[in-house]
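Quick notes on the structure that follows.
What you are looking at is a predicted structure, and each value in this text was computed from that prediction instead of being measured. Just so we're on the same page: letters track the sequence lines, and every chain starts at 1.
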Number of protein chains: 2
Amino acid sequence: MTMSHTGGRRRPPTIHDVAREAGVSRGTVSRVLNGGHYVSPAAQEAVNAAIRKTGYVVNRHARSLITGRSDSVGFLLTEPQERFFEDPNFNVLLRGCTQALAAHDIPLLLMLAGTEDERRRITRYITAGHVDGVLLVSSHSGDPVAQELREAGVPLVACGKPIGLGSKVSYVAADDRDGARDMVRHLLSLGRRRIGVVTGPLDTPGGVERLAGYKEVLAEEGLPIDDDLVVSGDYSRASGEAGAERLLTQAPDIDAVFVASDLMAQGVLATLQRAGRRVPQDVAVGGFDDSPAAVAASPELTTIRQPWDRISAEMVRVLLAQIGGEDPAAVILPTELVKREST
Amino acid sequence: MTMSHTGGRRRPPTIHDVAREAGVSRGTVSRVLNGGHYVSPAAQEAVNAAIRKTGYVVNRHARSLITGRSDSVGFLLTEPQERFFEDPNFNVLLRGCTQALAAHDIPLLLMLAGTEDERRRITRYITAGHVDGVLLVSSHSGDPVAQELREAGVPLVACGKPIGLGSKVSYVAADDRDGARDMVRHLLSLGRRRIGVVTGPLDTPGGVERLAGYKEVLAEEGLPIDDDLVVSGDYSRASGEAGAERLLTQAPDIDAVFVASDLMAQGVLATLQRAGRRVPQDVAVGGFDDSPAAVAASPELTTIRQPWDRISAEMVRVLLAQIGGEDPAAVILPTELVKREST
DNA sequence: TTCTCTACTGTGAACGCTCACAGAAGCATG
DNA sequence: CATGCTTCTGTGAGCGTTCACAGTAGAGAA
């Protein structure tokens, strides 16, 4: 392994150097670099050898300049970041996307658009073509950035179904409703009949769908849907605590709670324990997400696993397809019940 | 606000378009773009107006091609990612760096080098000049990537003092030793005398320094340093549980534990509670990091705050300085004791 | 033979920018 | 009037790549 550029920063080899070394022209080297069609086996081999010998790496700037592509994608957060960064799911998603993209040799640019100023700057950056597409993580409706990007024709894939955008935007989401149904059925199967629910924010599809699943199952079982059993939260731990308190006063006889996120469920557990209710003996608690928070809780949470690894993989797949010219697509992935100590 | 490129994807305006619109030459526009030296006020104004009117955004690829800079930096994780992604500190650091860079209009590329393969690919990518510098997050010693990057002359700033690399590499770190000293002194001030410690991994500077602080204070107070009081962990929650179990068998009379990370402290709390010890009445527990895990724990953790916002800001500052040609530098930032329920 | 088709190769001409340089204009100095 | 200096401006070249096009050579068909 002889490296020609030992120490210091030498001018890196260009496609010319490779061509000279291999005894072919730039064109041929370029063809090898881009799939190797219309290249003779001999030339192919010579070029590859020359690349190894010179330590050549393509200059992406030069390539991007002429192709118009940037061969990079943005990972865009348009909300106050605390929300996401304290959410363990977010981590998993970010990692999954980075890895899925790495497999295609595409770097991920992390973009935070918390303030109005940042939003403007980033919108400019993106619409200027500095990324080929955007993975959008934003749950709330009426996101102006998403709207603008869509109108500018930037390939876009959202995580979770975006509300308020036309149907022409791709998204990948877990089957929230079905997951909620599984959890509520699970609680029923344990003999629980007074099942409270702490919903997510109801201006997000996840919040709405999980509540809908809860109501559906109760209705199917012929159980009444008591308004006192329904309180809403915002996915944060604090709102879980507050929600549980409201539940305990409105419906002190509850024997189970379905909580629309693990983080909120942590809060629910804390409140229940403070109130002297044992989990799961007195009150069973079911979470949602199967985030690291689920095993960090005590007792460990029974929860609904969102297939984050598949979600990120699909987001990348759909985005790349769209960059490649395909039409937008929606992908819904199944969830899974994970039983632990809290039920 | 009239946008010339409404809908669809039109060819974006170039520096030529701006020059024509402003009635000047490319050179003048370029000068305005790069600080505006040697440009008359009249030309300055005309160019700015033309930029606004055309909606011009500089093509970074073209610029990078000639300048050799990429105007982007990498955020590199060289360890098995689970470790970091489950660590709430990591989030804060990543966000801080992204924002600090955004202020300079520099995008952050997230790079995960978990496997050997990825390591190779990413090293190539970086040494090919696709980023101007690297923010390195890797605690363990003997990291081959860091070594290679250093040798290739890539500007580099580590988070936490890297072991094993020459002293010529920049880093930014919290004052681990001093933080540990604060915590142990705090526990002593509460009247505790049998203070156990769960250390971090001892091949990391943080692990070593925090233990050193613990020992120093005990020595200063004339207290014996009992080997039974010292167990080591790896910063994970599970290792906190295991560590607490060992402590309870080796030294059942402990009345306090200093735990080198909040995540481990969560595990310690769980084990103590299972063993019937009340926190803080029977055993006081002090964590380290002041991560979100600290308030997620019950009781909420007394801990040592690492100034992550300042750490990220300093990392970016030092990296940019180094990219600008300055010499490497080390920055140590003070920590702060945060009192909560567990002591 | 001659023509066509396929597989392969080399060569300018971009892509949009910055940089070095040349030059102009204004003003003071010799 | 020449000379120098400073401030400002325009121009050509070139960064490293891909793309379109023009070839070449060999095989098969007419």
Side-chain angles (χ1 to χ4, degrees), chain A residues 5 9-48 50-51 54-72 105 124-125 127-130 132, chain B residues 5 9-48 50-51 54-72 105 124-125 127-130 132:
Chain A
H5 50 81
R9 299 203 89 168
R10 210 200 238 9
R11 210 168 61 79
T14 76
I15 203 173
H16 277 99
D17 302 323
V18 175
R20 186 160 5 89
E21 180 70 36
V24 298
S25 72
R26 292 177 351 249
T28 300
V29 177
S30 179
R31 276 183 286 267
V32 171
L33 255 33
N34 294 286
H37 297 302
Y38 289 98
V39 177
S40 68
Q44 178 90 248
E45 186 41 50
V47 169
N48 282 329
I51 288 177
T54 55
Y56 170 79
V57 180
V58 66
N59 182 325
R60 298 169 90 107
H61 300 305
R63 172 182 287 174
S64 292
L65 180 55
I66 190 159
T67 60
R69 284 173 287 117
S70 72
D71 292 320
S72 68
D105 226 341
R124 279 211 135 204
Y125 186 88
T127 51
H130 293 318
D132 294 337
Chain B
H5 50 81
R9 299 202 90 169
R10 208 198 240 10
R11 211 168 61 77
T14 76
I15 204 173
H16 277 98
D17 301 324
V18 175
R20 186 160 5 91
E21 181 70 36
V24 298
S25 72
R26 293 175 353 246
T28 300
V29 177
S30 178
R31 276 184 285 267
V32 170
L33 255 32
N34 294 287
H37 296 302
Y38 289 100
V39 178
S40 67
Q44 178 90 250
E45 185 43 48
V47 169
N48 282 328
I51 288 177
T54 54
Y56 170 78
V57 180
V58 67
N59 181 324
R60 298 169 91 108
H61 300 305
R63 172 182 286 174
S64 292
L65 180 55
I66 189 159
T67 60
R69 284 173 287 120
S70 73
D71 292 321
S72 67
D105 227 340
R124 280 211 135 204
Y125 185 88
T127 51
H130 293 318
D132 294 336

Please report the distance, rounded to the nearest Å, between CG in B:Asn59 and P in D:dC15. 18 Å
Rounded to the Å, how far apart are A:His61 NE2 and D:dT17 P? 11 Å
Tell me, do B:Arg26 and B:His16 make a side-chain contact under 4.5 Å, heavy atoms counted? yes
Are the side chain of A:Thr54 and the backbone N or O of A:Ala50 linked by a donor-acceptor pair below 3.5 Å? yes
Measure the distance from CG on A:Leu65 to P on D:dG16 and round it to the nearest whole Å. 12 Å
Where do B:Ala19 and B:Ser25 come nearest, in terms of heavy atoms and distance? CB-C, 3.7 Å
On a heavy-atom basis, which atom in A:Asp17 and which in A:Pro12 lie closest, and how many Å separate them? OD2-O, 4.4 Å
Of all heavy-atom pairs linking A:Ala62 and B:Leu65, the shortest is CB-CD1, 3.6 Å
Return the nearest nucleotide to the side chain of B:Tyr38; candidates are D:dG16, D:dT7, C:dC8. D:dT7
Pick the closest DNA chain D nucleotide for B:Ala62 and for B:Gly23 by heavy atoms, then say which residue is nearer the 5' end. B:Gly23
Does a side-chain N or O from B:Ser40 land closer than 4.0 Å to OP1 or OP2 of D:dT9, or not? yes
Whichever of A:Ala43 and B:Val58 has the more 5' nearest nucleotide on DNA chain C, that residue is A:Ala43
Strand-adjacent residues in residues 26-35 of chain B, judged by heavy atoms under 4.0 Å from DNA chain C: B:Arg26, B:Ser30, B:Asn34
Take atom CG of B:Asp17 and atom P of C:dC15, then tell me their distance rounded to the nearest Å. 11 Å
If you look at every strand shown and take non-hydrogen atoms under 4.0 Å, does A:His16 touch a base, only sugar-phosphate, or nothing? base
A:Arg20 has an atom CZ; how far is it from atom P of C:dT11, in whole Å? 14 Å
Pairwise side-chain hydrogen bond (donor to acceptor under 3.5 Å, both in side chains) hits with a residue in residues 60-70 of chain A, at least two apart: A:Arg69-A:Asp71, A:Ser70-A:Ser72, A:Ser70-A:Asp132
Point-to-point distance, once rounded to the nearest 0.5 Å, from CG of B:Asn59 to NE2 of A:His130: 6.5 Å
In terms of side-chain heavy atoms of B:Arg63, which of C:dC17, C:dC19, D:dG10 is nearest? C:dC17
Under 4.5 Å between any side-chain heavy atoms of B:Ile15 and B:Tyr56, yes or no? yes
Can you tell me if the side-chain N/O atoms of A:Thr14 get under 4.0 Å from OP1 or OP2 in D:dG16? no
Report yes if some heavy atom in the side chain of A:Arg31 is under 4.5 Å from a heavy atom in the side chain of A:Val47; otherwise report no. no
Rounded to whole Å, CZ of B:Arg69 lies from P of C:dG16 at a distance of 20 Å
Mind checking whether B:Val29 and B:Val32 have side chains closer than 4.5 Å, heavy atoms only? no
Against the side chain of A:Ile66, the closest entry in C:dC17, D:dG10, D:dT18 is D:dT18
Nearest-Å distance, OH (A:Tyr56) to C1' (D:dG16)? 7 Å
Please tabulate the protein-to-nucleotide N/O contacts below 3.5 Å involving nucleotides 23-26 of chain C, giving atom names and distances.
none

Rounded to whole angstroms, how far apart are CD1 on A:Ile15 and P on C:dC15? 19 Å
